[in-house]
Amino acid sequence: MVEVTLWGSVGSAAGGNKQVEVEAKNIRELFAKLAAEYPGLEPLIDNGIAVAIDGVIYRDTWSKELPEDAEIVLLPRLAGG
Amino acid sequence: MHYERPGSIKDATRLLNGAKGSAYVLAGGSDLLVRMKGGFIEPDLVVDIKAIKGIGTIRKSSNGFTIGAAVPCAEMAESAALKKAWPGVVEAANLIGSKQIQGRCTIVGNLCNASPAADSVPALMAAEAKVAIAGPKGSRTIAVDKVVKAPGSTSLRKGEIVEAVLLDKRPLRSGDAYLRFIPRTEMDIAVVGAAVNLTLDKEGVVKSARVSLGAVAPTAILVRRAANAIIGTKLDGPALERLAEACSAACKPIDDKRGTIEFRKKVAGVLAGRAAKIAYKRAGGK
Amino acid sequence: MNFDAKFAAKKFNSVGTRPVRPDGVDKVTGRARYGADFNMPGQLAGAVLRSPHAHAKIKKIDVSKAEKLKGVKAVITADDLPDLTDGDSGLYNILDNCMARGRALYDGHAVAAVAAIDARTAREALKRIKVTYQVLPHVTDVDEAVAPGAPLVHEDVFTSGIDPRPKKPSNVAKRSEYGHGDVEKGFKQADFIVERRYRTEQTHQGYIEPHACVASFNADGTADMWVCTQGHFVFRQTCADLLGIDVSKLRVTSSEIGGGFGGKTHVWIEPVALALSRKAGRPVKLVMPREDVFRASGPTSATSIDVRICARKDGTITAAQADLRYSCGPYRDMWAELGAMTSFACYDLANVKSVGHEVLVNRPKTAAYRAPSAPMAAFAVESAIDELAHEIGMDPVEFRIKNAAKEGTKSSYGPVYGPIGIGPTLDAARDHPHMAAALGKNQGRGMACGFWFNFGGQTCTDLNIGLDGTVTLAVGTVDVGGARASLSLVAAEELGISYDEVKAVVADTSTLGYNDMTDGSRGTFSSSMATISAARNAIGVMKERAAAMWDIPVEDVVWEDGHAKATGAGHGNLPPLSLKEIAAAAPKTGGPIAGHSELVADGAGVSFATHICDVEVDPDTGATKVLRYTVIQDAGKAVHPDYVEGQYQGGAAQGIGWALNEEYIYGKDGRLQNPGFLDYRIPVCSDLPMIDTQILEIPNPNHPYGVRGVGETSIVPPLAAIANAVSNAVGVRLAHIPMSPPRILAALDTKKKD
Amino acid sequence: MTAIAVSTTINGDDIEVLCQTEETLLDVLRDRLGLTGAKEGCGTGDCGACSVIVDGRLVCACLVLGAEAEGRRIETIEGMAKGDELHPLQSSFLEHAALQCGVCTPGFLIAAKDLLERNPDPSEEEIRFALAGNLCRCTGYDKIVRAVQDAATVMKGG
């Protein structure tokens, strides 16, 4: 079980939930379970959500494992210049 | 579009006079080509005057200087005699655009483009310059201030060409200066321009003066009250204050993308004061 | 792909040196080919007709007279770009922006396009297209757009991110909130408070090369495109989606790119060129005139930001709050959200809240511009921080050091930081001789910090070893400012050969796997990671070949200094085999030698910078001169220090232009008044001093060499650094960017009257 | 009749070209003659990317009509190196990394060459004002100015 913080527009898409607990071992599983629970998140996941695991931001490495005690934050996918 | 390159003034005026549609004179092209590119004008005829004999030279005579209509501004800076006699006119001409523009642009073009913000025009007005005009009905000479009527509009009649700018020989103890304000250090159109031309007596008192401002009214303006404020003085503090106040009061500017009314009024006075001091020093005043 | 990206400290031979770039000679001799420098046989000239209205219903477009003009080969409107976006609103907005569908949403919005035998005919054809508009009320100002009763850009947009969903439509497309703690509680604990509204005007990336492409749509449904872009793979995907082409049938080649800064991460004219070519049956070259570049491509947001920050007497910030409104143009986006995320990222705050509002206006679609959205937020926050330091009576550097984020700080946008560089850049600023230099009359000094996330992403490289032992490195991230040099250094480093033996090229979309764009400061970070991976794979192959040549087990071969060496008992007397020798033997040992790499380069380290600047303000004209400028930034590891310095200097210069003179000026009619370099005033050479740089190297733990992105952060601090310097010079707080001379003079007059 | 035959000299070669009367010298160089080293950054003389030298004068090729090239001597970036040998300014720009995207580089090189031919020993301020007509958005000008300073030293034989 990992605790996940949903921020900014990601939180609004999940019905205003800011903190959720999910049984997931990697990012792929996390997204699958979140999409099932909060259908509003699905389009965001399709367009890309960034996952910060202990401060390091992952945008596409869906195989990344989620350590039990890790701090996990979901952010909108960033744009750059 | 037809392009013609006549070899004589006569042919040039004949071509312009006979043109059916819109006809334009091409000297440096730094305004004309920009307007063509922007689609603001679509000339039917362009008359390139650079092949006309003598039109690309600066001539010095006992009466002063004749600057041909096709002389690029860069060349004015290379004429030591002109620079010495009329440093304000030359520095104004050399503020137009970049080095690349300098290699092409002309003061006659700057004048005939009839922009309120033309850099060389206030300097020429302060210098009491005249222009020689050739036309189908002969030649005439008029004061520079009579050329521009309104933004984009001149008093030139169909078929007429400004052949040259005429600058008088300088009396002793004379100096002129031109300053402009731009947001950057180069490449901008003047937000305010101020030119001062003056002559001192032996004691260093201003004997005569002309003050002209650009970019603060529909055309460049001559401000007699500002000139009067410094005549009879050695540019002491109160005289400079009166000069600045007269300049600010004479402005009829607009708010636009380059500056506000308040800004232009204030800075017109500031620049006129600074230009007056430079001109005074150039005239030998201490 | 198993690739260990963990940082391992090592001594470098090539990385960190400053060789001449491989594309250099082409660029100093005029041979390098940019977007507009390419031509195809039978090519037509394209041109686009644009709306003169800020907001108008397009009632009718009559193209018949244009089509009848001799030499015109195709005229297109939105009808020729049917909607294939299948409910994807983001993609639909891109389509609508490329060619207006029913309504023109800003001055410069494309409404039709032509392809003709030459440019003159194309221009003439545009004049013959008759568009009947019904002009609608418009709004261009970000504050006016959120005011009650403002004209609506879209009548069907309701603010998202608010519970319950509003019943009335609004120009605020989205609200997003970040932060933690309790700001109201924090405000009660404070002794000093600063509260102010800050405004920044819209700026353009100002790349010198206008958008340009040549598109060729073939009769068999395949297509080719040559284009200046920051990401040809992304352009391929977007164009394929919009035109209904199979991705594999559209081959996109990226030209040399004449600057992008985010503006060339979005498609503008490319789908139009393809649609013209499809209709005309011939290649079409489409180049945006400079005026169109300003009117219709990529400006950044105009903003209005309310900041409230407070602190105790001892200099501890107890609460910080920002309310940010960012203009998006006519399409919903995430610009305010990025502003909200970055605004307080430099600080360690117990109570922080930032709220972003995406504001729709009748201006061109906002595009990414170098650390998008961060400079404006930093301007507001760093100005307020400076003011607060003054109120408390603390030195602004010490005040920032006291409150700076560090390893373990919970960032204002959520995650907890690992090892980061804000502290070291502040320490370096405090100790820099610039901080102690004397100031003269009318002069002021300012400093400010900046943050950018940096990111990585999908990356693919090929490394091919020739028979002579020289190496071709094919990368898929567009080189915007020297990356081919940096990546050649990395390949040379890893293989143990000389830089001169590596030639890096940017491959087209048909010859290499997918790559994300060069954006988010990811180019060198991610492609260097992929290059290291590819080189290590090639080394693996070479070890096998050496083992075959020696006829020993591959386990007994190691790679050192560009040589295969045999280890273990019994092979000790085998002389090492050089890369050249192994390469020469390749045909007989198994064929070509190559290393490939496909990976997701995630884990880019966040980036921080501190800037210091001195200015002199003419109190009579409001003119500001930048006297001295210093950039201090963490690079992780500077692969090619010249180009790292170049990024620092270039970002600072863009920020200086933004701070002092650059702005979009709209008339009451909603039309852009300064669509050219004459009145959109980017800094010229004589405006700037030398820009000093100090590169800090705090290794990124998630890159083998410790590399972080360096491209974007440098534009974040300058707005505030200059605003602080100007405010210190004149004794009035300047809160409206750009601080043009009329604004400074007006502020001085107000001060005199007070 | 709006097409016009122009005889001119470009980088020492005699060239004859037919162009439309409203075409600029830049159009003629790029589209008629394939000399794409000069770039169109603005078309209005504000960016200097199309800098060329006409009869010894530095100009923007976008503000000269192609027809005006008749009988003139034109120098472009393509003629700056002598065969394999780069001009000292070209070498200096490479060594100082005075280019990032490089699109402004041909214009800067031509303008800097014009400067050093007129003033072999310019101050930093003189360099900055002489190059003010050439916009660069990548470098902040720092390395460009240093490259010109260094090239000046090399050309003086220092």
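Everything numeric in this text was worked out from a predicted model, so none of it was measured. Note on naming: letters A, B, ... go to the chains in the order of the sequence lines (proteins, then strands), and numbering restarts at 1 for each one. Keep in mind that the numbers below use all heavy atoms, side chains included, and drop hydrogens, waters and symmetry copies.
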**OP:** Go through Glu209(C), Glu291(C), Gln654(C) and name the one with the most non-hydrogen pairs under 4.5 angstrom from chain D.
**Re:** Gln654(C)
Original post:
Does any N or O in the side chain of Tyr34(C) come within less than 3.5 Å of the main-chain N or O of Cys101(D), such that one atom is a donor and the other an acceptor?
Top reply: yes
Original post:
Using a cut-off of under 4.5 Å for heavy-atom pairs, which of Glu40(D), Glu95(D), Glu124(D) has the most such pairs with chain C?
Top reply: Glu124(D)
Subject >> Side chain Tyr141(D), main chain Met690(C), donor-acceptor under 3.5 Å >> reply: no
**OP:** Locate the shortest heavy-atom distance separating Gly140(D) from Ile691(C); write the atom from each residue and the value.
**Re:** O-CD1, 4.2 Å
**OP:** Look only at the side chain of Arg128(D) and the backbone of Leu688(C), and say whether a donor-acceptor pair between them is shorter than 3.5 Å.
**Re:** yes
**OP:** Measure from the side-chain N and O atoms of Arg290(C) to the backbone N and O of Gly43(D), and report whether any donor-acceptor pair falls under 3.5 Å.
**Re:** no
**OP:** Measure Asp118(C) against the heavy atoms of chain D and call it side chain, backbone, both or neither at under 4.5 Å.
**Re:** side chain
Subject >> Flag, side chain of Arg137(D) to backbone of Pro683(C), donor-acceptor distance under 3.5 Å >> reply: no
Subject >> Structural part of Pro689(C) lying under 4.5 Å from a heavy atom of chain D >> reply: backbone
Subject >> Polar side-chain atom of Gln649(C) near backbone of Asp142(D) as donor-acceptor pair, under 3.5 Å >> reply: no
Subject >> Choice from Ser686(C), Ala652(C), Pro210(C), Cys685(C) maximising heavy atom contacts with chain D below 4.5 Å >> reply: Cys685(C)
Original post:
Under 4.0 Å between a Lys/Arg side-chain N and an Asp/Glu carboxylate O for Lys143(D) and Glu645(C)?
Top reply: yes
Subject >> Per-residue contact mode, Gln205(C) against chain D (heavy atom under 4.5 angstrom) >> reply: backbone
Subject >> Heavy-atom contact with chain C under 4.5 Å, split by part of Leu94(D) >> reply: both
Original post:
Any idea which of Asn134(D), Thr44(D), Leu99(D) has the most non-hydrogen atom pairs under 4.5 angstrom with chain C?
Top reply: Leu99(D)
**OP:** Mind ranking Cys42(D), Gly133(D), Pro106(D) by heavy-atom pairs under 4.5 Å with chain C and telling me who comes out on top?
**Re:** Cys42(D)
Original post:
Does Gln100(D) reach the main-chain N or O of Gly646(C) with its side chain, forming a donor-acceptor pair under 3.5 Å?
Top reply: yes
